[in-house]
Engineer: 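Below are the structure tokens for one structure; questions will follow.
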Amino acid sequence: MKIYTVGGAVRDRLLGLPIKDRDWVVVGGSGDDLEKLGYRQVGKDFPVYLHPVDKEQYALARRERKIAPGHTGFAFDTGAEVSLEEDLARRDLTVNAMAETGDGELIDPYGGRDDLENRVLRHVSPAFREDPLRVLRVARFAARFKHLGFGIAPETMQFMREMVGRGELAELTRERVWREIEAALASQSPEEFFRVLRECFALQVILPEVNRLFGVPQPEKYHPEIDTGVHTLMCVQAAARLTEDPVTRYAVLMHDVGKGVTDRARWPSHHGHEELGLPLVREVTRRLGVPTEYAETAEAVCKYHTLQHRVLSLRPATVLRLLTGLDAIRRPQRFERFLTACLADARGRPGFEDCEYPQNEYLERMLAAVNSVDAGELLRDKPEADAGELIARGRIEAIRRAKAEF
């Protein structure tokens with residue numbers, strides 16, 4: 001029985017990146033062999049075992065063959081005669097199909113090291129086309145390694161287009177799709193994930209609401225990039241510079257989806273796109289099972305982002321309605337995410353990448369003014385008064401004073 005480090009740990013070590021997780025493959029052994037050594041089986045689809053001390057994952061080397069549609073439609077052979085090269089052959093990309101012995105010897109039967117040096121994401125074999133999830137995984141790796149100069153091999157991109165064209169992405173469960181989206185949102189260059197999906201025609205399948213934005217014009221006076229889809233990806237890129245939070249980045253991705261369904265006769269104007277976008281955001285939530293905090297933050301940004309852009313000129317009562325709509329008093333983290341998303345929207349334009357955005361500091365001050373209002377003091381000795389109206393008046397007055405001092 002021989003044990004090798006495989007996959008991402010080998011790749012990241014060669015790239016000089018921190019190794020977060022380490023996976024191992026066992027060649028020439030069996031589940032019984034591992035269990036006798038104290039390993040505990042956790043895999044259902046194929047045998048994976050946890051080390052008795054460090055709990056790292058050890059998988060038996062395996063062959064696989066396609067027997068049914070979809071990501072899970074494979075039969076596995078984990079016999080002791082399966083070689084390391086056969087196990088590596090079933091992996092998606094050459095840069096993920098390398099192994100290392102305990103004393104550091106690199107085993108690289110498919111040219112992964114050369115592809116690392118040349119910054120190429122390339123499939124290992126034509127069997128790549130058998131798993132539709134790999135379309136999303138390659139896009140995610142492109143997003144993760146864009147800052148290092150990686151690109152996708154043309155022949156791999158062609159495979160991805162063929163898989164999309166055959167309708168295979170429809171076989172993926174929404175849980176797997178969302179997991180890849182969420183991981184991409186947390187990557188170094190999340191906008192690249194969506195750009196790659198558009199290039200291989202998968203964005204139309206996964207997120208048609210975002211794909212529809214490409215080719216939709218905006219007023220050049222405010223948007224030198226003109227194209228709404230281009231603007232959206234620039235905003236996601238700006239968000240990635242501002243925060244590592246995937247919830248905020250997702251809200252930025254979705255903020256302008258309403259522009260894809262506004263009255264074409266009135267383009268490049270998009271009056272009412274905020275409200276038009278809300279049903280689309282909710283449809284994505286339903287279709288992909290988007291977690292609540294992602295969904296609610298995206299709805300808040302979609303509905304209120306243009307109000308925040310104009311906040312310096314809003315009446316105090318309207319500012320209070322904005323803060324109330326954002327539930328800013330009770331949900332300070334969501335409020336901060338909203339502010340960051342609006343800043344990303346403002347900076348997601350050519351020439352505006354570092355623009356000042358006083359609106360955020362202004363709204364923070366208005367929220368502080370609202371929070372300074374003592375509701376108990378306002379209601380003292382007024383048992384017959386309408387409490388809600390009295391508190392609202394007190395908060396509006398506090399906003400008025402803060403506005404005058406800004």
Side-chain angles (χ1 to χ4, degrees), residues 218-219 221-223 235 238-239 242-243 245 247-248 251-252 254-256 258-259 269-278 281 293 296-349 352 354-406:
Q218 302 175 106
K221 176 181 178 182
Y222 304 107
H223 289 279
C235 289
L242 293 167
T243 178
D245 176 43
V247 177
T248 305
V252 171
M254 303 302 293
H255 81 283
D256 264 350
K259 289 183 177 178
S269 174
H270 295 284
H271 179 72
H273 76 275
E274 305 89 349
E275 291 291 336
L276 288 170
L278 289 175
V281 174
E293 190 57 30
E296 292 183 353
T297 303
E299 286 187 31
V301 173
C302 179
K303 185 173 182 178
Y304 294 115
H305 68 280
T306 56
L307 209 55
Q308 172 63 356
H309 295 332
R310 307 193 311 271
V311 71
L312 298 175
S313 62
L314 298 181
R315 295 182 296 111
T318 308
V319 173
L320 180 60
R321 284 200 296 273
L322 172 59
L323 291 170
T324 303
L326 293 171
D327 202 5
I329 295 174
R330 295 192 310 143
R331 299 182 180 273
Q333 183 182 36
R334 187 175 299 169
F335 177 68
E336 289 302 319
R337 284 168 166 161
F338 171 79
L339 296 181
T340 302
C342 290
L343 177 58
D345 184 22
R347 291 184 172 177
R349 301 172 292 166
F352 292 85
D354 299 303
C355 70
E356 296 294 323
Y357 192 72
Q359 290 92 325
N360 280 357
E361 181 184 354
Y362 178 84
L363 195 60
E364 287 177 323
R365 290 211 197 169
M366 299 307 109
L367 177 59
V370 166
N371 282 329
S372 72
V373 174
D374 187 334
E377 183 66 28
L378 283 176
L379 299 176
R380 186 172 299 161
D381 302 324
K382 299 182 180 68
E384 305 299 323
D386 183 324
E389 184 178 345
L390 271 178
I391 293 171
R393 273 195 233 147
R395 288 172 171 174
I396 289 170
E397 183 55 36
I399 290 172
R400 184 174 287 113
R401 290 193 299 269
K403 179 180 176 71
E405 295 170 1
F406 185 76

Engineer: For Tyr222, look at atom OH and say whether over 12 heavy atoms of other residues, nucleotides or ligands are found less than 6.0 Å away.
Structural biologist: no
Engineer: Please examine the side chains of Arg337 and Glu293, heavy atoms only from C-beta on, and report whether any two atoms are closer than 4.5 Å.
Structural biologist: yes
Engineer: In the structure I gave you, are the side-chain heavy atoms of Leu242 and Arg347 within less than 4.5 Å of one another anywhere?
Structural biologist: yes
Engineer: Are Thr318 and Arg321 close enough, and set up right, to give a side chain to side chain donor-acceptor pair (under 3.5 Å), and what steps lead you there?
Structural biologist: CA-CA 5 Å; Thr318 308; Arg321 284 200 296 273; 3.2 Å; yes
Engineer: Show me the side-chain donor-acceptor pairs of residues 388-398 shorter than 3.5 Å, one per line, residues at least two apart or across chains.
Structural biologist:
unit_1	atom_1	unit_2	atom_2	d
Glu389	OE2	Arg393	NH2	2.6
Glu397	OE1	Arg400	NH1	2.9

Engineer: Which pairs of donor and acceptor atoms, one on a side chain in residues 305-312, lie under 3.5 Å apart (sequence neighbours left out)?
Structural biologist:
unit_1	atom_1	unit_2	atom_2	d
His305	ND1	Val301	O	2.8
His305	ND1	Cys302	O	3.1
His305	NE2	Asp256	OD1	3.3
His305	NE2	His273	NE2	3.3
Thr306	OG1	Glu274	OE2	2.5
Gln308	NE2	Gln359	O	3.2
Gln308	NE2	Asn360	OD1	3.0
His309	ND1	Tyr357	OH	2.6
His309	NE2	Asp345	OD2	2.7
Arg310	NH1	Thr306	O	3.4

Engineer: Determine whether Ile399 and Val370 make a side-chain contact, defined as any pair of heavy atoms from C-beta on separated by less than 4.5 Å.
Structural biologist: yes
Engineer: Please tell me if the side chains of Ile329 and Leu323 come closer than 4.5 Å, counting only heavy atoms from C-beta onward.
Structural biologist: no
Engineer: Nearest 0.5 Å, please: how far is CG in Leu367 from CG in Leu339?
Structural biologist: 9.0 Å
Engineer: Any side-chain heavy-atom pair from Lys403 and Arg315 closer than 4.5 angstrom?
Structural biologist: no
Engineer: Step by step, work out the side-chain contact (heavy atoms from CB on, under 4.5 Å) result for Glu299 and Met254.
Structural biologist: CA-CA 8 Å; Glu299 286 187 31; Met254 303 302 293; over 6 Å; no
Engineer: Which pair of non-hydrogen atoms, one from Arg365 and one from Glu405, has the smallest distance, and what is that distance?
Structural biologist: NH1-O, 4.3 Å
Engineer: Measuring from atom CG of Leu363 to atom CG of Leu326, what distance do you get when rounded to the nearest 0.5 angstrom?
Structural biologist: 7.0 Å
Engineer: For residues Ala328 and Phe335, report the shortest heavy-atom separation together with the two atoms involved.
Structural biologist: CB-CD1, 3.6 Å
Engineer: Work out which heavy atom in Ala298 is nearest to a heavy atom in Ala251; give both atom names and the distance.
Structural biologist: CA-CB, 3.8 Å
